[in-house]
Amino acid sequence: AHSDGGNLVLDLSSLNITRLAADTGGGNIEAILPDRADQLNAAVATGGGDIRVELGNELAGENSLRAESGAGNVEIYLPAGLPARITVSTGMGKISVDPRFVQVDEHTYQSADYEGAAARVEITAGSGAGNVNIYSK
């Protein structure tokens, strides 16, 4: 999905997909990713808008999400209990990560059960000037 500057709203919760690429030059992006995804590889980027991504429930296998904004805020919502490794960065904003994830280095947070988990997600989230927030739902 691509837009040169307009907003993107994607509800993919009921679809069976393994790849997503969504980008816009400056608009906001809201994406609800598929439930029961297996080996999902999603990349969401905007030049200046906000990003809101909700991962689906009952994920299987190793999944990945990359969410980056040049100047907007980035919010990611994970299913409660989903093992994750999260790499976050921001140039001028604040970083807030759900307390169930332990900070393992300057930019990386991880759930205690990530290593060896059959179903898990690796997340890279960043913004040049906005805040980055990671929540459990």
Side-chain angles (χ1 to χ4, degrees):
H2 172 76
S3 166
D4 287 329
N7 298 332
L8 293 175
V9 178
L10 306 168
D11 183 351
L12 309 171
S13 58
S14 64
L15 298 180
N16 183 14
I17 62 170
T18 58
R19 291 190 180 270
L20 168 67
D23 68 274
T24 179
N28 300 323
I29 300 175
E30 182 176 335
I32 301 172
L33 300 181
D35 288 330
R36 293 171 295 286
D38 187 357
Q39 308 294 326
L40 178 66
N41 181 353
V44 180
T46 180
D50 293 336
I51 293 176
R52 183 184 188 281
V53 177
E54 183 177 328
L55 273 81
N57 297 308
E58 301 176 35
L59 296 182
E62 294 188 26
N63 302 276
S64 67
L65 168 64
R66 178 176 218 88
E68 297 178 328
S69 176
N73 297 319
V74 176
E75 292 184 345
I76 298 173
Y77 295 83
L78 301 166
L82 177 65
R85 176 182 297 143
I86 304 161
T87 304
V88 293
S89 63
T90 183
M92 298 177 64
K94 295 180 182 177
I95 293 172
S96 175
V97 177
D98 187 289
R100 78 177 176 100
F101 300 102
V102 176
Q103 189 168 4
V104 295
D105 67 30
E106 184 179 359
H107 299 286
T108 307
Y109 297 77
Q110 185 171 300
S111 58
D113 56 349
Y114 179 81
E115 297 296 335
R120 62 188 185 176
V121 63
E122 183 152 351
I123 297 170
T124 303
S127 177
N131 299 325
V132 177
N133 299 295
I134 310 295
Y135 303 102
S136 289
K137 57 179 182 167

Visitor: Is it possible for you to say whether Val104 and Val132 belong to one hydrophobic cluster, with membership spreading through side-chain heavy-atom contacts below 4.5 Å?
Guide: no
Visitor: Tell me, yes or no, whether the heavy-atom count around Glu106 atom CD, taken from other residues, nucleotides or ligands under 6.0 Å, exceeds 12.
Guide: no
Visitor: With no hydrogens and no angle check, is any side-chain donor or acceptor of Asp23 less than 3.5 Å from a backbone partner on Thr46?
Guide: no
Visitor: So, does Thr87 use its side chain to make a donor-acceptor pair with the main chain of His107 at under 3.5 Å?
Guide: no
Visitor: Do you reckon Val53 sits in the same ILVMFWY cluster as Ile17, going by side-chain contacts under 4.5 Å, direct or chained?
Guide: yes
Visitor: Report yes or no: do Ser64 and Asn41 form a side-chain donor-acceptor pair below 3.5 Å?
Guide: yes
Visitor: Is Leu15 reachable from Leu10 through a run of I, L, V, M, F, W or Y residues, each pair having side-chain heavy atoms under 4.5 Å apart?
Guide: yes
Visitor: Tell me whether the count of non-hydrogen atoms from other residues, nucleotides or ligands lying under 6.0 Å of CG in Asp105 goes above 12.
Guide: yes
Visitor: Taking all non-hydrogen atoms of both residues into account, name the closest pair between Gly49 and Ser69 and its distance.
Guide: O-OG, 2.6 Å
Visitor: Any side-chain to backbone donor/acceptor pair from Ser127 onto Gly72? Under 3.5 Å, distance only.
Guide: yes
Visitor: What distance separates Leu65 CG from Leu40 CG, expressed to the nearest 0.5 Å?
Guide: 8.0 Å
Visitor: Start with the C-alpha distance between Arg66 and Thr124, add both sets of side-chain angles, then the distance that settles side chain to side chain contact (heavy atoms under 4.5 Å, CB included), and finish with yes or no.
Guide: CA-CA 5 Å; Arg66 178 176 218 88; Thr124 303; 3.8 Å; yes
Visitor: Could you please spell out the steps behind the side chain to side chain contact (heavy atoms under 4.5 Å, CB included) verdict for Asn57 and Lys137?
Guide: CA-CA 10 Å; Asn57 297 308; Lys137 57 179 182 167; 3.8 Å; yes
Visitor: Could you tell me which non-hydrogen atom of Ser3 sits nearest to which non-hydrogen atom of Gly6, and how far apart they are?
Guide: OG-N, 2.7 Å
Visitor: Measuring from atom CG of Asp11 to atom CG of Leu33, what distance do you get when rounded to the nearest 0.5 angstrom?
Guide: 10.0 Å
Visitor: Give a yes or no answer on whether the side chain of Asn131 reaches the backbone of Asn133 with a donor-acceptor pair at less than 3.5 Å.
Guide: no
Visitor: Are Tyr114 and Val88 connected, step by step, through hydrophobic side chains (Ile, Leu, Val, Met, Phe, Trp, Tyr) whose heavy atoms are closer than 4.5 Å?
Guide: no
Visitor: In Å, rounded to the nearest 0.5 Å, how long is the span from CD of Glu54 to CG of Leu78?
Guide: 10.0 Å
Visitor: Within this structure, what is the CZ-CD1 distance for the pair Arg52 and Ile32, rounded to the nearest 0.5 Å?
Guide: 7.0 Å
Visitor: Is it true that a side-chain atom of Asp98 and a backbone atom of Ile134 form a donor plus acceptor pair closer than 3.5 Å?
Guide: no
Visitor: For Ser111 and Pro83, work out which heavy atoms get closest and say how close.
Guide: OG-CA, 3.2 Å
Visitor: Treating Asn63 as the side-chain partner and Gly61 as the backbone partner, does any N or O pair qualify as donor plus acceptor under 3.5 Å?
Guide: yes
Visitor: Say you draw a straight line from CD1 of Ile123 to CG of Leu82; how long is it, rounded to the nearest 0.5 Å?
Guide: 7.5 Å
Visitor: Specify the closest pair of heavy atoms between Thr90 and Ala129, including all atoms of both residues, with the distance to one decimal.
Guide: OG1-C, 4.4 Å
Visitor: Of all heavy-atom pairs between Gly56 and Pro79, which one has the smallest distance, and what is that distance?
Guide: O-CG, 3.1 Å
Visitor: Answer with yes or no whether the hydrophobic clustering places Val74 together with Ile95; edges join I, L, V, M, F, W, Y residues whose side-chain heavy atoms lie under 4.5 Å apart.
Guide: yes
Visitor: Under the ring-ring contact (aromatic ring centres under 6.0 Å, His included) rule, what pairs show up with a residue in residues 79-103, not counting sequence neighbours?
Guide: none
Visitor: For residues 71-80, pull every pair meeting side-chain hydrogen bond (donor to acceptor under 3.5 Å, both in side chains), keeping only residues two or more places apart or in separate chains.
Guide: Glu75-Tyr77
Visitor: Between Glu122 and Arg120, is a salt bridge (charged side-chain N to carboxylate O under 4.0 Å, His left out) present by the stated rule, with each step listed?
Guide: CA-CA 7 Å; Glu122 183 152 351; Arg120 62 188 185 176; over 6 Å; no
Visitor: Rounded to the nearest 0.5 Å, how far apart are NE2 of His2 and OG1 of Thr24?
Guide: 7.0 Å
Visitor: Which pair of heavy atoms, one from Ala22 and one from Ile29, lies closest together, and at what distance?
Guide: O-CD1, 4.0 Å
